[in-house]
Amino acid sequence: MSIKAIAAKLFARSIYKSTMKWATNPVESQQKVFMDLIHQARKTQFGIDHNFESIKTFQDFAKEVPIRDYEELKSYIDRVVNGEPNVLWKDKPLYFAKTSGTTSGAKYIPLTEASMPYHIEAARNAILLYIHETGNADFVDGKMIFLQGSPKLEEKKGIQFGRLSGIVAHFVPKYLQKNRMPSWDTNCIEDWETKVNTIVEETFHENMTVISGIPSWVQMYFEKLYQKGGKPVGEIFKNFNLFIYGGVNYELYRAKFENLIGRKVDSIELFPASEGFFAYQDSQKEKGMLLLLNAGIFYEFIKTDEFSSSNARRYTIGEVELGVNYVLIISTNAGLWGYNIGDTVQFTSLQPYRVIVSGRVKHYISAFGEHVISKEVESAIQQAVEGTFVRINEFTVAPQITPKAGLPYHEWFIEFEKEPEDLEDFASKIDKAMRQQNIYYDDLIVGKVLRELVITKVKKNGFQNYMKSIGKLGGQNKIQRLSNDRNLVNLLEKE
C-alpha cells in the first residue's frame, strides 16, 4: 500500500469521527446552524425585511419567512445579480450557478464564501467515509474522471457565473490535480458529443480507478469506450472499482453498467445541487444518504400531500417520520430562505438521518387524481426487470387522456437495450408493481377509470437525440421521469 493510500485511511478515520459527532446529535446540530444563519444575516436587506433581529426560535422564523420558490425569491436575487451587496447574505456572492429555470428562464443560484467550502468538503468526505468503511484506498493512486460541465466562467458586476460542476472544477484540491482527468482544455469543450469522444481518446490508456458523473451520460462514455476497445470497460480499466454518481436512480442503470463494465463495482451516491450539497451515501450496507446537518443548511420538511395547503405544517429534523414523502425546504449560508428546491425526499433511517430522493414537486402524474411520483415508477420498473435479462437505457411516463379507443392509460416510453420476449407481460408486471405501491392508481384501475399501462418502444438513442434537440445533451441534465402532460413525449415521438 502506498504512502498516499495510508494517509487517506488515516484522514478517513478522522473525518468519520467528526461526522459521528454531529450525526449523533442531529437536533442540536441543526439548532446551531439555524441560530448562526439568523445571526449572520440579521443586517442584510432580507434580514431587515423579515425581522431577523427578533427571531429567537424556529416558530418565530416560520411566522416571518414564508415558503418561496425561485420565482417568488427572484426580486431579491435580481438585486444581487445587479451587483447590490448585503441583500440575501453578507457582501456579494463569489459565484452564481446558472441552471435551467421553469417559468423564469435561467435561474441564478448564489454561492458565497461561506457556502462554497461545503460543496467541496461533502464530495471529499463521501469518498473518505467509503474508505473508512471498506478499507479500500488503493484507488487514490490511480486516475479519476469527473464528467461535468465546462469550467469556463463569465463575470458580471464583480461576480462570476457558470455551471455548478464547472465552478467546482476550480476547487479541486492540489493533491488530486495530478490524478484528475480529463484535461482542462477537454473539460472546456462545450459540445457534449465532441467532449465525450475527446475524453475517450484521452483516458483510454490511463489507469482509471474512479469514474464519476450522472449515470445516463457516463453510459455514453462507457459505450464509446466499448466501441473503441472491443472489450468491457473493466478490462480496459483493470483497476476501476468505484463509480460516484448523483442526480438519478442508479439502480435503473446498474444491469446495463455491469454489462458494459463486465463486473460489479462499488458505487457512492451523492445529493448535490446548486442550492447546496445535501447528502451523500455514507455506507455500502445501509439504504439512503446521510443528510448533512452541519453544512450551513437548515432543513424544513412539508408533507407532499399537504404542500398545496395554505397552512401546511413545517417540520424540523426532530419531527420527521420514516417513509413519508416530504418536500425539502432549505435556508442556507448562500442566502436562500425558506426555499423550495423542488425535490421530495423520504427518510430511510432516523439514527442517523438518511434520505432518498423520491422525486420532484412538479414532476408527477395526477391527471386522474392518482399522484404518481418518480420513486414509484422507478421502483416498479426495477421490480419488473429483476431476475430477467431485460436491460433498459431510459424511460419516461406520461398520461394518455384521449386515446383513439378504449379507456385512458399511463403510457411508458422505454428505450430497451434488451427487450422482454413478451412486452405485454412485462407491462403487466410493471402495472402490478404500480398498483401495489399507489392505492389511488389501483382504485382507478379497479374502477375502470384507467386501463392497464401501455409501453411504447423508443428507438435506440432516442432519448439522447431528444436531449440534443432541446440543447440539453450531457452535463448535469437529466431525463424527466414523469410529466402530467404530453409535451415531452410529443417531442420524443418525433425523434
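Values below: every heavy atom of this structure, side chains too, minus hydrogens, waters and symmetry copies. Every value quoted in this text rests on a predicted model; they were computed, and no experiment measured them. Each residue takes its place number in the sequence, starting with 1.
Between Phe347 and Tyr353, the distance from one ring center to the other falls under 6.0 angstrom. Aromatic rings from Tyr76 and Trp89 are positioned such that their centres are separated by 6.0 Å or more.
For the pair Val320/Tyr326, a side-chain contact is recorded, criterion being any heavy-atom separation below 4.5 Å from C-beta on. Contact check for Val355 versus Gln346: no side-chain heavy atoms found under the 4.5 Å cut-off. In this structure, the side chains of Glu269 and Ile356 stay at 4.5 Å or more apart for every pair of heavy atoms. In this structure, the side chains of Tyr245 and Tyr253 stay at 4.5 Å or more apart for every pair of heavy atoms. In this structure, Leu291 and Ile317 have side chains that are in contact, with non-hydrogen atoms separated by less than 4.5 Å. At least one side-chain heavy atom of Arg481 sits under 4.5 Å from a side-chain heavy atom of Glu394. For the pair Phe240/Ile145, no side-chain contact is recorded, criterion being any heavy-atom separation below 4.5 Å from C-beta on. Within the 4.5 Å cutoff, no side-chain heavy atoms of Tyr441 are placed close to those of Ile365.
Between Tyr299 and Phe301, the ring planes lie parallel to each other; the angle is under 30°, not in the 30° to 60° tilted range. In this structure, Phe243 and Phe222 have tilted ring planes: the angle between them lies in the 30° to 60° band. Using cut-offs of 30° and 60° on the angle between ring planes, the pair Tyr250 and Phe257 is perpendicular. The aromatic rings of Phe161 and Tyr108 sit perpendicular to each other, their planes meeting at more than 60°, with 30° as the lower class boundary. Aromatic ring pairs are classed by plane angle as parallel below 30°, tilted from 30° to 60° and perpendicular above 60°; the pair Phe58 and Phe298 is tilted.
Nearest heavy atom pair, residue Phe277 against residue Ala279, reads CE2-O, 3.3 Å. Considering every non-hydrogen atom in both Ile302 and Arg313, the closest pair reads CG1-O, 3.7 Å. Contact between Gln281 and Ser267 at its shortest, heavy atoms only, is OE1-O, 3.5 Å. Ala23 and Leu290 get closest at one heavy-atom pair: CB-CD1, 4.5 Å. What you find for Tyr130 and Asn136 is that their closest heavy atoms are OH-ND2, 3.1 Å. In this structure, Ala384 and Thr388 approach most closely via the heavy-atom pair O-CG2, 3.7 Å.
The neighbour count for Phe171 CZ, taken as heavy atoms of other residues, nucleotides or ligands under 6.0 Å away, is above 12. Within 6.0 Å of NZ on Lys92 lie more than 12 heavy atoms contributed by other residues, nucleotides or ligands. By the 6.0 Å contact criterion, CD on Glu72 is enclosed, its count of non-hydrogen atoms from other residues, nucleotides or ligands being greater than 12. A 6.0 Å sphere centred on CD of Glu121 holds more than 12 heavy atoms belonging to other residues, nucleotides or ligands.
When atom types are taken as modelled, the side chain of Glu306 and the backbone of Lys303 share no donor-acceptor pair closer than 3.5 angstrom. Using modelled atom types, one side-chain atom of Ser212 and one backbone atom of Ile244 make a donor-acceptor pair closer than 3.5 Å. Listed for the Ser379 side chain is no donor-acceptor partner under 3.5 Å among the backbone atoms of Glu376. Not a single donor-acceptor pair under 3.5 Å links the side chain of Gln383 to the backbone N or O of Glu378. Under a 3.5 Å cut-off, the side chain of Arg42 and the backbone N or O of His39 do form a donor-acceptor pair. Using a distance-only test at 3.5 Å, with no hydrogens or angles considered, a donor-acceptor pair links the side chain of Thr396 to the main chain of Gln480.
Ion pairing of Asp78 with Lys74 is present here, as a side-chain N (NZ or NE/NH1/NH2) and a carboxylate O approach within less than 4.0 Å. A salt bridge between Asp36 and Lys32 is absent, with no side-chain N of the basic residue lying under 4.0 Å from a carboxylate O of the acidic one.
A donor-acceptor pair shorter than 3.5 Å can be found between the side chains of Thr316 and Glu319.
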Checking Arg263 against Asn241 for the side-chain hydrogen bond (donor to acceptor under 3.5 Å, both in side chains) test, could you report, in this order, the C-alpha distance in whole Å, the side-chain angles of both residues, the deciding distance, and whether it holds?
CA-CA 9 Å; Arg263 53 184 163 82; Asn241 280 301; 3.1 Å; yes
Determine whether Arg486 and Glu411 satisfy the following criterion, salt bridge (Lys or Arg N to Asp or Glu O under 4.0 Å), listing intermediate values before the conclusion.
CA-CA 10 Å; Arg486 294 184 64 83; Glu411 189 168 7; 2.9 Å; yes
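Rounded to the nearest 0.5 angstrom, Met20 CE and Ile15 CD1 are separated by 11.5 Å.
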